Q: 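The structure's right below; bear with me while I get my questions together.
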Number of protein chains: 2
Amino acid sequence: MDHTRWLDEEEMRAWLAFIPTATLVARELDQQLKEDMGLSHLQYEILVHLNAAENGALRMTALAERLINSKSGLTYQIGQMERDGLVRRRPCEWSKSGVLAEITDEGRAMLERAAPGHVEKVREVLIDVLTPDECKAIADGLGRVRDRIIERNDGGSCW
Amino acid sequence: MDHTRWLDEEEMRAWLAFIPTATLVARELDQQLKEDMGLSHLQYEILVHLNAAENGALRMTALAERLINSKSGLTYQIGQMERDGLVRRRPCEWSKSGVLAEITDEGRAMLERAAPGHVEKVREVLIDVLTPDECKAIADGLGRVRDRIIERNDGGSCW
DNA sequence: CGAGAGCTGTTCAAATTTGAACGGCAGGAG
DNA sequence: CTCCTGCCGTTCAAATTTGAACAGCTCTCG
């Protein structure tokens, strides 16, 4: 017997519009950032998260989780960005084994310069193409999808 | 002056629900396929596209475009899959410089075994979490986003 | 025919990512 | 205190991805 509930036409349309589109959009953003600023999208995101954090700093693991990135991958990228002066490593005060990644002034300046072009691109390829209704449906639906996956993985492990 | 049209709250919600969720979903699918079948998501997609093609075969470039992958990356993956017997290379009849990637019987068998678990996971993490309305909005909206990017890049280059 | 522009798929080195293994630290049970 | 389990960030080798460079082929214009 075949218990598999295959996707119907509408579901298939949604599926084929989801991952491929995300891949395309990510590629567009990556190119824009790389050409204009010499930053990868991941590096940009790192700056965004650090900049938004309490003291411009976050612990490595916390940052990796927010970025949906592996810890070792983050270690590598922070290394690159530290070399470029965008970020600095600092020991964590209350835990000898902890390390804080902290955004530098140069990092904040870079973010400030990069943000307008980035947001413009996000609008151009995604947001301005969507109707407000679609925008809301995506925020609600995909937000729920995201939260469920995160919640489900919380009881589990990391990477 | 600052002409930047920043994202309003709803747009930001959609943005923060899009790429991160796609990343998470892709990770889930990759894990499921790798654990259960030893296939990466990319390899699975290659099988899907070849299986759906006219004679179970596509030219390298055509396949790369559908997969949203670089040509060199595809060369590598086809190499891996050829080694594993899932795929075979065949010269293109009407063009000496062309190469066809063709799915093997073993490849079709693998796909048949992998598909149910894959679809089930797609439902579990994504489709079954969305309401029909959201599903439609995603299909319509993101489909439009995708088509615009593809169309815009057609006049341009490849990778 | 013959030069030239544009494809095709591959190659290569460099960059990045992955996942397991590791040494050091934290925190609770005995 | 001391062992033990678990977390932290890093390290490492292997896998993969990237992008430019390449050699061969195709097609068109002259």
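Below, chain A is the first sequence line, B the second, and so on; all start at residue 1. All of these numbers come straight from a predicted model, not from anything done at the bench.
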Q: Determine the interplanar angle of the His41(B) and Tyr44(B) rings, folded into 0 to 90°, and report it as parallel if under 30°, tilted if 30 to 60°, perpendicular if over 60°.
A: parallel
Q: For Arg83(A) and for Lys34(B), find the nucleotide of DNA chain C with the closest heavy atom, then tell me which residue's nucleotide is more 5'.
A: Arg83(A)
Q: Side-chain N or O of Ser97(B) less than 4.0 angstrom from OP1 or OP2 on dT8(C)?
A: no
Q: Expressed in angstrom and rounded to an integer, what is the separation of Met60(A) atom CE from dT11(D) atom P?
A: 10 Å
Q: Check this one for me: any side-chain N or O of Arg27(B) less than 4.0 Å away from OP1 or OP2 of dT18(C)?
A: no
Q: If you define the side chain from C-beta out and look only at heavy atoms, does anything of Val99(A) sit under 4.5 Å from Ile78(A)?
A: no
Q: Figure out the CH2/P separation between Trp94(B) and dC7(C), and round it to whole Å.
A: 17 Å
Q: How many Å lie between CG on Leu100(B) and P on dT8(C), as a whole number?
A: 13 Å
Q: Need to verify one output field. Residue with the more 5' nearest nucleotide on DNA chain D, Ser72(A) or Gly73(B)?
A: Ser72(A)
Q: Can you find a side chain N or O atom of Gln80(A) that sits less than 4.0 Å from OP1 or OP2 on dT16(C)?
A: yes
Q: Could you tell me how the ring of Phe18(A) sits relative to the ring of Phe18(B): parallel (under 30°), tilted (30 to 60°) or perpendicular (over 60°)?
A: tilted
Q: Rounded to whole Å, please give me the gap between OH in Tyr76(A) and C1' in dT18(D).
A: 12 Å
Q: Taking the side chain of Ser95(B) as its heavy atoms from C-beta onward, which of dG19(D), dT10(D), dT26(D) lies nearest to it?
A: dT26(D)
Q: Calculate the interatomic distance between Gln31(B) atom CD and dT18(C) atom P; express it in whole Å.
A: 11 Å
Q: If each of Gly98(B) and Asp30(B) is mapped to the nucleotide of DNA chain C with the nearest heavy atom, which maps nearer the 5' terminus, i.e. the 5' end?
A: Gly98(B)
Q: Ignoring backbone atoms, test whether Gln77(B) places a side-chain nitrogen or oxygen under 4.0 Å from the OP1 or OP2 oxygen of dA15(D).
A: no
Q: What closest approach, in Å, do Trp6(B) and Glu11(B) show between heavy atoms, and which atom pair accounts for it?
A: O-OE1, 4.1 Å
Q: Nearest whole angstrom, please: distance from the C1' of dT16(D) to the CG of Leu74(B).
A: 13 Å
Q: Can you tell me how far the CG atom of Leu67(B) sits from the NE2 atom of His49(B), to the nearest 0.5 Å?
A: 5.0 Å
Q: Choose from dG19(C), dT11(C), dT10(D) the nucleotide whose nearest atom is closest to any side-chain atom of Thr75(A).
A: dT10(D)
Q: Expressed as a whole number of angstroms, how long is the span from Lys96(A):NZ to dT10(D):C1'?
A: 19 Å
Q: Between atom NZ in Lys71(A) and atom P in dG23(C), what is the gap in whole Å?
A: 15 Å
